[in-house]
Undergrad: 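Quick one: the structure is below, and I'll ask about it shortly.
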Amino acid sequence: MKKTWKSYPMMRAVFCGIALLSLFSCTESPSSPTSSGSNVVMRTELDSARIHSTLGTSTPSSLSTVDSLDVTSVAYAASDFTLRSDISDEANDPNPVLSSIRPPQFLLVFDASGRQYIGESIVYPTTYRRARFAIHSLVGRADSLSLALGPLYSALFASGNSTIVIRGYLWISGVAMPFMFRSAEEGVGSAEFDTPFTVGTDLPKEVLVNFSTVSAFTDVSGKIMDPRDGRNAAAIEAHLKTSLHAIVNPESR
């Protein structure tokens, strides 16, 4: 007896399954946010330029007036370092694009010895306007943190609950003296791009996050705020959350 197509129910089921699989593979999106974009590497850069007070010569000088200041290292206890498409936390953007660079806690370091590595990730294609990170006390046992974060933690953070530590020199009447500024301030830090950073699906990019000494340690009049004077602590701490700026390294364009 001649067998027809209807005589093979199993074969018909297999054929239909293959047809449906082919249909789904044709209609599925060819890429997703996790598989497209460009690799973005982020590093810090300290502006090693010495800043000078811009007060006029008519202002009487005194031993308490800082003439100039030079920062040699900055370290933030940070986590959740992320690129964001919105302008600020207060911006009315219900769906900002976020690309995580380094989620775990780490030391965000700016050092006169050279650029320091923050992290890297495949970043979703869009236009980013800032980087955002959390500033908070480090969580964990001292021995574990020392092992994970290295000698800088032991030197700067192991003795207390500091979240930001800055070292440098200041000059008063031509005499140089070292300083160390410590803060236990917590909150959110940001680094705005001088020009919006547009990511495509092209070559890898390098972003430099710059620490601005003048933004951190001068007031609106141009006077240098003495980091040793406790009366300046609150103003300096407020500046430190916004004294970072981000640029795309021209060499990676």
Side-chain angles (χ1 to χ4, degrees), residues 25-48 73-111 113-136 138-139 148-150 152-153 163-164 186-212 215-216 239-253:
S25 63
C26 292
T27 57
E28 186 179 2
S29 175
S31 63
S32 64
T34 58
S35 61
S36 64
S38 297
N39 189 67
V40 174
V41 179
M42 301 193 70
R43 292 184 171 86
T44 64
E45 187 172 51
L46 178 67
D47 66 344
S48 300
S73 69
V74 181
Y76 293 78
S79 67
D80 195 25
F81 197 96
T82 306
L83 284 175
R84 296 178 64 104
S85 64
D86 54 358
I87 299 174
S88 69
D89 287 357
E90 292 74 32
N92 187 21
D93 187 346
N95 297 300
V97 178
L98 284 63
S99 286
S100 180
I101 300 296
R102 189 165 181 173
Q105 64 181 2
F106 69 107
L107 294 182
L108 179 63
V109 177
F110 302 79
D111 195 278
S113 64
R115 294 171 182 171
Q116 305 295 318
Y117 180 77
I118 298 175
E120 62 187 285
S121 180
I122 302 296
V123 171
Y124 185 64
T126 193
T127 296
Y128 297 93
R129 292 172 174 80
R130 63 173 175 142
R132 182 185 188 276
F133 59 97
I135 304 170
H136 57 82
L138 296 167
V139 179
L149 302 177
L152 191 60
Y153 164 78
T163 57
I164 307 172
E186 299 193 346
V188 173
S190 65
E192 293 186 9
F193 280 93
D194 293 343
T195 301
F197 175 36
T198 300
V199 175
T201 56
D202 48 5
L203 297 174
K205 302 290 184 182
E206 180 180 56
V207 172
L208 302 178
V209 178
N210 178 265
F211 177 85
S212 172
S215 296
H239 289 191
L240 289 174
K241 293 180 179 180
T242 58
S243 60
L244 308 183
H245 303 276
I247 61 169
V248 180
N249 186 354
E251 298 175 1
S252 70
R253 291 179 191 270

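When reading the values below, keep in mind they use all heavy atoms of this one structure, side chains included, and skip hydrogens, waters and symmetry mates. Residue numbers count from 1 along this sequence.
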Undergrad: Mind checking side-chain hydrogen bond (donor to acceptor under 3.5 Å, both in side chains) for S215 and listing every partner two or more places apart, or none if nothing turns up?
TA: S212
Undergrad: Tell me whether the rings of F110 and Y76 are parallel (<30°), tilted (30 to 60°) or perpendicular (>60°).
TA: perpendicular
Undergrad: Among residues two or more places apart or on two chains, list those pairs meeting side-chain hydrogen bond (donor to acceptor under 3.5 Å, both in side chains) that have a residue in residues 193-204.
TA: S38-D202, T127-T198
Undergrad: So which atom in R130 and which in S190 form the shortest heavy-atom distance, rounded to 0.1 Å?
TA: NH1-CB, 4.5 Å
Undergrad: Could you walk me through whether L107 and L138 satisfy the side chain to side chain contact (heavy atoms under 4.5 Å, CB included) test, starting with their C-alpha distance in whole Å, then the side-chain angles of each, then the deciding distance to 0.1 Å, before giving a yes or no?
TA: CA-CA 9 Å; L107 294 182; L138 296 167; 4.1 Å; yes
Undergrad: If you take all heavy atoms of R84 and P96, which pair is closest and at what distance?
TA: NH2-CG, 3.9 Å
Undergrad: Taking all atoms of both residues into account, what is the closest heavy-atom pair of H136 and S79, and its distance?
TA: NE2-OG, 2.7 Å
Undergrad: When rounded to the nearest 0.5 angstrom, what is the spacing between CG in L149 and CD in Q105?
TA: 6.5 Å
Undergrad: State, with a plain yes or no, whether a side-chain heavy atom of V40 is found less than 4.5 Å away from one of F197.
TA: yes
Undergrad: Begin with the C-alpha distance, continue with both residues' side-chain angles, and end with the deciding distance and a verdict on side chain to side chain contact (heavy atoms under 4.5 Å, CB included) for D47 and F211.
TA: CA-CA 6 Å; D47 66 344; F211 177 85; 4.3 Å; yes
Undergrad: Only one of D80, D89, T82 passes side-chain hydrogen bond (donor to acceptor under 3.5 Å, both in side chains) with R132; say which it is.
TA: D89
Undergrad: Quick one: pull up CZ in R43 and CD in E206 and give me the separation to the nearest 0.5 Å.
TA: 4.5 Å
Undergrad: So which atom in V188 and which in I135 form the shortest heavy-atom distance, rounded to 0.1 Å?
TA: C-CD1, 4.3 Å
Undergrad: Would E120 and N39 count as a side chain to side chain contact (heavy atoms under 4.5 Å, CB included) here? Give the steps.
TA: CA-CA 7 Å; E120 62 187 285; N39 189 67; 3.0 Å; yes
Undergrad: Can any side-chain N or O of S85 pair as donor or acceptor with the backbone N or O of V97 at less than 3.5 Å?
TA: yes
Undergrad: Is the number of heavy atoms from other residues, nucleotides or ligands within 6.0 Å of CG (L152) greater than 12?
TA: yes
Undergrad: So, for G119 and I101, which heavy atoms are closest and what is the spacing to 0.1 Å?
TA: C-CG2, 3.6 Å
Undergrad: What distance do E192 atom CD and S88 atom OG have between them, rounded to the nearest 0.5 Å?
TA: 8.0 Å
Undergrad: Under 4.5 Å between any side-chain heavy atoms of S36 and P125, yes or no?
TA: yes
Undergrad: Locate the shortest heavy-atom distance separating E186 from T163; write the atom from each residue and the value.
TA: CG-CG2, 4.0 Å
Undergrad: Do the rings of F133 and F81 sit parallel, tilted or perpendicular, given the 30° and 60° boundaries?
TA: parallel
Undergrad: Does any N or O in the side chain of S113 come within less than 3.5 Å of the main-chain N or O of D111, such that one atom is a donor and the other an acceptor?
TA: no
Undergrad: Apply side chain to side chain contact (heavy atoms under 4.5 Å, CB included) to the pair Y124 and L83, showing each step before the final yes or no.
TA: CA-CA 10 Å; Y124 185 64; L83 284 175; over 6 Å; no
Undergrad: Would you give the length of the straight line joining atom CD1 of I247 to atom CG of L208, rounded to the nearest 0.5 angstrom?
TA: 5.0 Å
